[in-house]
Amino acid sequence: MKNIKAITAGLMIMALPLACMTSCSDSYMEDVNTDKTKPSDINPNAQLTTGLLQTYGDFGLMDAYRCYVTGFTQHFSGGWNVCNYAGAVNADNDMMRTIWDEYYNVAIKNMVDAISRTEDQPNLNAMLRIHRAYIMAVLTDTYGDVPCSEAGYGYLKHIANPKYDTQEDIYYWIFDELETCISQLGGSDKVTGDVTAYNGDAAKWKKYANSLRMRYAMRISDVDPVKAKTEFEKALAAPCGYISSFEDNAYIRYMESPFTLYDGARDLDFRANALGEMLYGQDASSPTFICATFFEMMKANGDPRLYRICRHYNNIKRSAASADDAGNLDFTDEVIAYQNSPAGVKQIDGGYTYACIPGAAWYSAPKKVVEGDVLLSKWVQIEDADIATYIPRLAQLIADDPNGGYKTDNYHNRMLRPALSIKLEKAECPGVLMTNAEVEFLLAEAKMLGWGVQGEVAEHYEAGIRGAMKMLCTYYDVTPISDDEINLYIQNNPVGTTAEQQKERINTEAWILHTMNPAEAWANMRRSDYPVLIDRNKYEVTDFISDDTNMTTPVRLKYPSLEAKYNSENYQKALDRMDGIDDWHHRVWWDTADNTHLK
């Protein structure tokens with residue numbers, strides 16, 4: 001017994017230093033495993049910066065814009081990506097989910113967290129909430145009913161499976177949120193994370209938020225006209241004003257830097273404009289071409305923007321790291337001269353086209369049947385003799401460097417197609433959020449609807465055109481458009497006299513304005529049903545795979561397939577509101593007309 005007591009006492013004595021050692025060891029290991037070079041929490045200003053820059057700076061997110069949205073709007077075509085997805089009406093889950101995945105995993109998550117920690121910083125809090133409202137509008141306009149009220153609360157409220165709010169509820173929330181934020185802005189806190197042109201200016205953010213109210217009010221004008229009119233007129237009457245001058249435009253600033261492609265997106269490096277990066281293409285064989293719908297419309301209307309937006313390049317020597325002028329050899333003037341020459345006209349008379357045929361997404365002779373006529377879109381060819389005669393600069397390059405690739409793999413023929421100007425694809429191009437040009441078009445249509453807008457429809461329409469052309473020349477550094485060119489264009493393209501004529505002209509101009517804002521271009525086109533586009537259901541897709549029997553241009557993107565597995569109950573409720581099918585031909589709540597923008 002004495003020995004047992006002695007052993008027990010000895011063990012207790014030994015346990016004391018062990019306990020101390022364990023406690024010290026835990027503290028020591030925690031200290032060792034803490035990276036003192038990194039902050040323990042994230043600065044909400046940094047989260048605002050991330051949320052803003054991601055809007056156009058996320059290369060992965062921009063993939064869906066290029067492959068689907070710009071093809072649906074028929075701004076762009078010809079590149080394999082646009083043709084394989086939008087052109088072929090090919091529903092690919094991995095591509096469709098990128099907008100959803102990227103925004104929810106980065107912007108929404110960061111902003112919800114930052115909003116929860118900035119109640120004592122009214123300006124920063126309001127800016128975060130305004131941009132969250134903007135992103136939520138993009139998400140619901142793209143997919144329909146989506147998680148909103150519970151989105152991003154996995155950590156804060158342990159909501160792993162957020163409900164899908166109806167689009168109607170989301171829009172009503174957006175109106176309330178923007179109005180609250182406008183009232184809140186004006187505090188004393190300084191915002192350092194604002195990478196827009198406003199640089200933390202609360203008064204300008206008020207105008208921006210108020211202008212968004214006008215955009216979203218017009219969005220619901222067909223489905224909920226009373227609410228739309230009420231919200232629009234409240235914005236008009238708000239003391240803070242709205243974006244009424246070029247200097248008030250809202251855009252995100254990006255920096256000149258080498259393209260980082262998908263690696264940059266994975267590293268959350270959003271400093272470069274990834275929309276331009278994406279449209280530039282990852283190799284010389286996949287630049288962005290201008291859809292014939294867009295090209296022919298501008299050409300027919302005598303639009304001075306035509307060859308500021310469209311150019312003709314031989315780009316075999318181009319840089320892969322940036323949209324460089326040196327490697328993209330511009331032959332636009334020579335190509336135009338060739339197209340207007342007897343040799344060029346002969347190509348058109350023979351059934352060849354330089355920009356597909358309106359509505360087509362590719363050059364490989366898709367059949368189009370209209371009133372019994374079958375038209376073919378063929379690959380334009382240029383003969384060696386015509387190169388020497390009409391494009392001697394190219395002929396000299398081929399002679400000086402026969403192995404340089406200038407005339408291999410159809411690069412000399414690709415040059416004949418209108419491509420998107422590289423000036424719109426540079427890393428430092430701004431990411432447009434809202435402009436005075438858009439506001440003027442909204443005012444013009446609101447006046448047409450009989451809402452309480454001062455001035456005349458034509459007055460606002462013309463101001464919108466002037467603002468749009470100034471934006472193009474200023475933000476993208478293209479050749480300035482003279483006042484005489486603008487005046488002649490307005491004279492030849494008046495707004496019209498009937499309500500329907502006015503609606504078409506106003507929204508066709510908005511469509512051109514939004515060339516580099518794909519989300520808004522697609523949303524406003526579906527809402528207004530203008531411009532009238534060609535229905536791709538009338539084309540026979542021969543070179544690309546599609547399992548959709550309805551080739552009509554889709555009006556939403558499908559939900560990510562993993563939602564059916566990991567958020568099945570809420571996902572199914574959303575599907576039940578669409579007759580039980582995740583159908584991308586099913587219109588969203590505010591889209592009341594059945595594809596009337598197609599012919």
Side-chain angles (χ1 to χ4, degrees), residues 70 73-78 246 279 288-313 330 332-333 335-337 339-340 348 353-359 416-425 429 432 435-438 440-441 444-445 457-496 501-518 520-521 524-525 528 530-534 597:
T70 67
T73 61
Q74 295 186 25
H75 279 109
F76 306 137
S77 68
F246 185 79
L279 294 175
T288 292
F289 292 108
I290 301 296
C291 183
T293 306
F294 191 16
F295 180 85
E296 297 295 346
M297 182 183 297
M298 287 193 289
K299 188 174 181 180
N301 292 343
D303 196 324
R305 290 166 290 194
L306 175 60
Y307 287 111
R308 274 117 173 150
I309 294 174
C310 309
R311 304 301 291 177
H312 295 274
Y313 299 111
D330 194 324
T332 303
D333 292 341
V335 169
I336 294 172
Q339 290 174 349
N340 292 327
I348 298 174
T353 57
Y354 292 100
C356 297
I357 45 179
L416 301 178
R417 307 184 201 167
L420 180 64
S421 170
I422 61 170
K423 289 186 179 295
L424 279 70
E425 299 172 337
C429 286
V432 175
T435 65
N436 68 313
E438 180 184 352
E440 290 292 350
F441 292 138
E445 188 167 358
V457 173
E459 177 185 341
H460 292 296
Y461 167 76
E462 293 174 13
I465 291 174
R466 295 183 191 280
M469 293 196 182
K470 183 175 182 179
M471 185 198 79
L472 175 67
C473 297
T474 305
Y475 293 171
Y476 303 103
D477 194 31
V478 301
T479 305
I481 303 174
S482 69
D483 289 339
D484 287 344
E485 289 178 285
I486 297 174
N487 292 337
L488 181 62
Y489 177 76
I490 291 173
Q491 177 184 325
N492 292 336
N493 298 276
V495 72
Q501 287 173 342
Q502 292 174 346
K503 184 178 181 181
E504 179 173 8
R505 283 304 314 151
I506 291 165
N507 287 288
T508 297
E509 288 298 328
W511 176 73
I512 299 171
L513 167 69
H514 295 314
T515 299
M516 298 302 289
N517 186 351
E520 186 56 29
N524 192 62
M525 186 186 78
S528 69
Y530 287 112
V532 175
L533 305 179
I534 301 296
H597 63 283

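Atom set for the values below is all heavy atoms of this structure, side chains included, hydrogens, waters and symmetry mates excluded.
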**Prompt:** Checking D303 side chain against R305 main chain: does a donor-acceptor pair fall under 3.5 Å?
**Reply:** yes
**Request:** Please report the C-alpha distance between D333 and Y307 in whole Å, then the side-chain angles of each, then the deciding distance to 0.1 Å, and finally whether the side chain to side chain contact (heavy atoms under 4.5 Å, CB included) criterion is met.
**Result:** CA-CA 10 Å; D333 292 341; Y307 287 111; over 6 Å; no
**Request:** May I have all residue pairs that pass side chain to side chain donor-acceptor pair (under 3.5 Å) and include part of residues 462-471, sequence neighbours excluded?
**Result:** R466-N487
**Item:** Sequence neighbours excluded - salt bridge (Lys or Arg N to Asp or Glu O under 4.0 Å) pairs with any residue from residues 474-485
**Value:** R308-E485
**Message:** Please give me the minimum heavy-atom distance between Y313 and I422, naming the atom from each residue.
**Reply:** OH-N, 3.1 Å
**Request:** Identify the heavy atoms of T73 and A521 that sit nearest to each other, and give their distance.
**Result:** CG2-C, 4.1 Å
**Asked** Can you find a side-chain donor-acceptor pair between T332 and R311 that sits under 3.5 Å?
**Response** yes
**Item:** Residue pair F76 / T515, side-chain heavy-atom distance below 4.5 Å
**Value:** yes
**Request:** Check the pair T474, F246 against side chain to side chain contact (heavy atoms under 4.5 Å, CB included), reporting the backbone distance first and the verdict last.
**Result:** CA-CA 10 Å; T474 305; F246 185 79; 3.7 Å; yes
**Message:** Return the CD to CD distance between E459 and E440, rounded to the nearest 0.5 Å.
**Reply:** 8.0 Å
**Item:** Closest non-hydrogen atom pair between R505 and P494, with its separation
**Value:** CG-O, 3.4 Å
**Prompt:** For V432, does its backbone N or O pair with a side-chain atom of Y475 as donor and acceptor, under 3.5 Å?
**Reply:** no
**Complete:** Correct closest heavy-atom pair for L472 and V478 would be O-CG2, 3.7 Å
**Prompt:** Do any N or O atoms from the side chain of N493 and from the backbone of N301 form a donor-acceptor pair under 3.5 angstrom?
**Reply:** yes
**Asked** To the nearest 0.5 Å, how far apart are CD in E296 and CG in L306?
**Response** 9.0 Å
**Asked** Who are the side chain to side chain donor-acceptor pair (under 3.5 Å) partners of N517, not counting sequence neighbours?
**Response** Y56
**Request:** Any chance you could measure Y476, atom OH, to L424, atom CG, to the nearest 0.5 Å?
**Result:** 6.0 Å
**Message:** Please report the interatomic distance CD1(I290) to OG1(T70), rounded to the nearest 0.5 Å.
**Reply:** 9.5 Å
**Fill in**
Correct closest heavy-atom pair for C291 and S77 would be CA-OG, 3.2 Å
**Asked** Is there a donor-acceptor contact under 3.5 Å from the side chain of N524 to the main chain of E520?
**Response** no
**Request:** Using atom types as modelled and distance alone, determine if a side-chain donor or acceptor of H75 lies under 3.5 Å from a backbone N or O of M516.
**Result:** no
**Item:** E509 side, atom CD; E438 side, atom CD - distance, nearest 0.5 Å
**Value:** 13.5 Å
**Request:** Fit a plane to each ring of F441 and Y461, take the angle between them on a 0 to 90° scale, and name the class: parallel (under 30°), tilted (30 to 60°) or perpendicular (over 60°).
**Result:** tilted
**Fill in**
Interatomic distance, CE@M297 vs CH2@W511, rounded to 0.5 Å, equals 4.5 Å
**Message:** Between H312 (side chain only) and R417 (backbone N and O only), is there a donor and an acceptor less than 3.5 Å apart?
**Reply:** yes
**Item:** Within-4.5 Å side-chain heavy-atom neighbours: S528 and K503
**Value:** yes
**Request:** Of all the heavy-atom pairs spanning V495 and V457, show the shortest one and how long it is.
**Result:** CG2-CG1, 4.0 Å
**Request:** Determine whether H460 and I506 make a side-chain contact, defined as any pair of heavy atoms from C-beta on separated by less than 4.5 Å.
**Result:** no
